[in-house]
K.L.:
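Provided herewith is a single structure, encoded as structure tokens, for subsequent inquiry.
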Amino acid sequence: MSGVPGRHPMYITTTIPYVNARPHLGFALEIVQADVLARHHRRRGEPVRFQTGTDDNSLKNVLAAEAAGVPVRELVDRNAAAFEGLRGPLDLSFDAFVRTSSHPGHRAGVERLWRATAHDLYRRHYEGLYCVGCEAFYQEEPCPEGHPEPLRRVSEENWFFRLSRYREPLLDLIRSGTPAIEPVSRRNEVLAFLESGLEDISVSRSAERSRGWGIPVPGDPGQVVYVWWDALANYITALDGDDYGRWWEREPRKLHLMGKGVIRFHAVYWPAMLLSAGLPLPTRIFVHDYVTAGGRKISKSGGATADPVALSAAYGVDAVRWWLLREVPRVGDADFTEERLIARADEDLANGAGNLVNRVVTMVHRFRDGRVPDARPEPLEAAGRAGERVHEALEAFDFRRAAAAVQAIVEEANQYVERTRPWKQDPGGRDASLATLVHACRELAVQLEPFLPTAARRVAAAVREEDGRLPRPAPLFPRLGGG
RNA sequence: GGGGCGGUAGCUCAGCCGGUCAGAGCAUCGGACUCAUAAUCCGUGGGUCGUGGGUUCAAGUCCCACCCGCCCUACCA
């Protein structure tokens with residue numbers, strides 16, 4: 001086991017999505033993964049700060065507002081609220097939600113960071129074709145992302161950051177594992193990018209072209225800080241006062257979660273900014289792949305229906321979280337369909353965990369009047385080792401393997417029921433079986449907690465004695481499939 | 001164009017440094033059981049492991065080329 005149990009704190013972040021639209025299932029994956037890690041480390045007694053938020057200052061938000069015919073502030077507020085509102089529907093436990101347009105410390109923090117890197121900043125004339133969809137310059141049309149807006153010929157003077165200076169330091173650092181980038185193939189991807197050479201990057205935009213939206217460059221009100229610079233900074237600007245020292249300056253475990261599309265920003269630009277400012281780097285970076293819906297890429301603005309809030313309302317938070325955790329591989333895109341969500345929930349949750357607990361509780365009532373036998377539980381392999389298996393899998397960011405280790409408790413317990421047949425046994429043997437099964441169900445509740453906190457509470461309550469008796473048996477998970 | 005990832009039973013996927021690695025789950029079919037949410041448990045069928053070469057006593061498992069999907073990156077000037 002690589003994790004040291006104890007008081008070692010951990011700072012976990014998700015990326016902060018821009019809020020030109022409501023959240024989709026792809027972001028739900030990232031934030032649920034972060035939530036599982038946060039809950040897992042908390043229950044190990046480790047202080048955790050789990051931070052997420054929204055990138056309000058993107059020009060894309062401005063354009064979305066114009067397209068919708070509403071003030072930018074209104075659209076940003078509305079959509080940011082939708083992201084923050086994922087807390088309930090997805091059972092999230094984030095400690096901080098940072099909005100870059102309204103967090104009290106963010107703007108000042110960005111300005112501080114800017115000044116701290118002043119020795120690496122310079123003005124340069126730039127001319128090129130700008131894609132607002134990408135927030136980036138290209139040599140020719142169309143932009144590789146296929147954004148519908150035509151590229152705009154832009155000629156202006158911007159601030160540039162001497163990224164080129166940090167090629168060697170970054171190579172050394174990443175090769176030596178700080179930050180540790182996972183999976184390894186992503187690390188190699190970053191190294192290859194670094195080896196191919198780094199050019200200085202533009203880190204500001206004209207305020208005019210930005211419609212005045214965003215954070216003005218300190219001392220240069222005609223320019224607005226490039227949105228990526230602004231957004232990345234949230235990982236430290238949201239740490240007010242003592243929190244900065246605690247979670248960033250001194251904290252040895254700083255983890256960034258992100259999708260594969262934004263590695264370069266997190267593994268190259270961001271560390272370079274921090275090096276320039278003389279600040280500590282993040283220690284780990286985990287890159288997840290994408291969720292597709294029905295075989296098609298999920299587009300943030302409309303398109304395929306993959307609304308986590310709607311799914312949670314329709315099928316329940318447990319089913320949604322379980323699908324994201326149990327079915328999405330560590331490497332490779334995962335295709336989402338409602339059929340798969342239903343099938344997985346019915347198989348594992350309704351027919352699996354729920355049915356197991358229900359049949360065990362029923363037997364305790366039928367044969368023991370609800371009283372859990374005093375007998376010593378027999379050791380069961382999957383239940384006994386689930387804790388360490390979950391931990392190992394989560395250390396490797398293999399959420400699917402971790403969830404499978406929990407599910408294995410259910411499978412093992414069901415097999416145990418068939419093997420021992422408590423209803424056929426004499427009272428002595430029956431007591432031993434039932435004690436073992438109740439024990440396994442309690443372990444299930446414990447191990448389920450980081451993954452399905454709500455369901456875990458239900459399971460725990462179902463096998464907790466009140467006045468010496470278990471509650472009356474009742475189904476814990478609905479069957480979602482038709483018929 | 002360059003780099004990377006994936007392409008294994010109908011479906012979703014495991015297979016670390018080459019030698020019971022040809023597997024699991026679901027679905028199908030057969031059986032068992034009755035404590036349970038028509039749930040559970042046991043067993044069966046089925047795949048030239050993307051294609052073509054190569055290395056090796058031995059290759060999904062290493063090397064080369066190619067095809068398909070996806071990601072990153074760049075457009076030779």
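Numbered from 1 within each chain, the chains take letters A, B, ... in sequence-line order. Fair warning: this is a prediction, and the values are worked out from it, not measured in the lab.
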K.L.:
May I ask you to say what A/R400 touches in the nucleic acid, namely base, sugar-phosphate or nothing, with a heavy-atom cut-off under 4.0 Å?
P.N.:
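Sugar-phosphate, backbone atoms only, no base.
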
K.L.:
Are side-chain N/O atoms of A/T292 and A/D335 paired as donor and acceptor at under 3.5 Å?
P.N.:
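Indeed, the side chains of A/T292 and A/D335 share at least one donor-acceptor pair under 3.5 Å.
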
K.L.:
So do the side chains of A/Q223 and A/R205 get within less than 4.5 Å of each other, counting heavy atoms only?
P.N.:
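A side-chain contact under 4.5 Å is absent here.
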
K.L.:
Between B/rG18 and B/rA36, how far apart are the two C1' atoms, rounded to whole Å?
P.N.:
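Roughly 47 Å separates the two C1' atoms.
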
K.L.:
Suppose you measure atom C1' in B/rA58 against the same atom in B/rG19; what distance do you get, rounded to whole Å?
P.N.:
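Between the two C1' atoms, the distance is 6 Å.
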
K.L.:
Report the base-pairing partner of B/rG25 (Watson-Crick or G-U wobble, both distances below 3.5 angstrom), or none.
P.N.:
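Across any shown strand, B/rG25 pairs with B/rC11.
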
K.L.:
So what does A/R340 hit on the nucleic acid, given a heavy-atom distance under 4.0 Å: a base, only sugar-phosphate, or nothing?
P.N.:
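Sugar-phosphate, backbone atoms only, no base.
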
K.L.:
Give A/R421 one of three labels, base, sugar-phosphate or nothing, depending on what nucleic acid heavy atoms sit under 4.0 Å from its own.
P.N.:
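The residue A/R421 makes sugar-phosphate contact but no base contact.
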
K.L.:
Only pairs with both distances under 3.5 Å count, Watson-Crick or wobble alike; so what is the partner of B/rG6 in this structure?
P.N.:
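Because both required distances fall under 3.5 Å, B/rG6 counts as paired with B/rC68.
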
K.L.:
Between A/F50 and A/Y11, is the ring centre distance below 6.0 Å?
P.N.:
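No, too far apart.
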
K.L.:
Taking any strand in view, what nucleotide pairs with B/rC62 in a Watson-Crick or G-U wobble way, both distances under 3.5 Å?
P.N.:
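Base partner found: B/rG54.
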
K.L.:
Report the nucleotide, chosen from B/rU12, B/rU34, B/rA14, that has the shortest atom-to-atom distance to any side-chain atom of A/W423.
P.N.:
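Closest nucleotide among those given: B/rU34.
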
K.L.:
Just checking A/F367: base, sugar-phosphate only, or nothing, at a heavy-atom cut-off of under 4.0 Å?
P.N.:
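Nothing, no heavy atom under 4.0 Å.
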
K.L.:
Would you classify A/L356 as touching base, sugar-phosphate or nothing, given that sugar-phosphate means primed atoms plus P, OP1 and OP2, and contacts are heavy atoms under 4.0 Å?
P.N.:
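If one applies the 4.0 Å heavy-atom cut-off, A/L356 turns out to touch nothing in the nucleic acid.
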
K.L.:
Strictly below 4.0 Å: does A/R330 bring a side-chain N or O up to OP1 or OP2 of B/rA14?
P.N.:
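False: A/R330 side-chain N/O out of range (4.0 Å or more) of B/rA14 OP1/OP2.
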
K.L.:
Taking syn as within 90° of 0 and anti otherwise, name the glycosidic form of B/rG60.
P.N.:
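Judged by the O4'-C1' to base torsion, B/rG60 sits in syn, the angle falling within 90° of 0.
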
K.L.:
I need the CZ-P distance between A/R401 and B/rG15, as an integer number of Å.
P.N.:
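After rounding, the reported distance stands at 9 Å.
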
K.L.:
For B/rU61 versus B/rC21, give the span between their C1' atoms, rounded off to a whole number of Å.
P.N.:
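My reading of the C1' atoms in B/rU61 and B/rC21 gives 9 Å.
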
K.L.:
Rounded to the nearest 0.5 Å, what separation is found between the CZ atom of A/F397 and the CD atom of A/E182?
P.N.:
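Here the rounded value is 5.0 Å.
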
K.L.:
Taking atom P of B/rA36 as reference, at what distance in whole Å does atom CG of A/N351 sit?
P.N.:
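So the two atoms are 15 Å apart, to the nearest Å.
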
K.L.:
Taking only the side-chain nitrogens and oxygens of A/Q407, find out if one of them lies under 4.0 Å from OP1 or OP2 of B/rG25.
P.N.:
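No, no such contact exists.
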
K.L.:
What is the base-pairing partner of B/rC41, counting Watson-Crick and G-U wobble geometry with both distances under 3.5 Å?
P.N.:
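Here B/rC41 is engaged in a pair, and the nucleotide opposite it is B/rG31.
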
K.L.:
Look at all strands and tell whether A/E347 reaches a base, only sugar-phosphate, or nothing, counting heavy atoms closer than 4.0 Å.
P.N.:
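Sugar-phosphate, no base atom in range.
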
K.L.:
Quote, to the nearest angstrom, the C1' distance that separates B/rU20 from B/rC35.
P.N.:
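To the nearest whole Å, 39 Å.
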
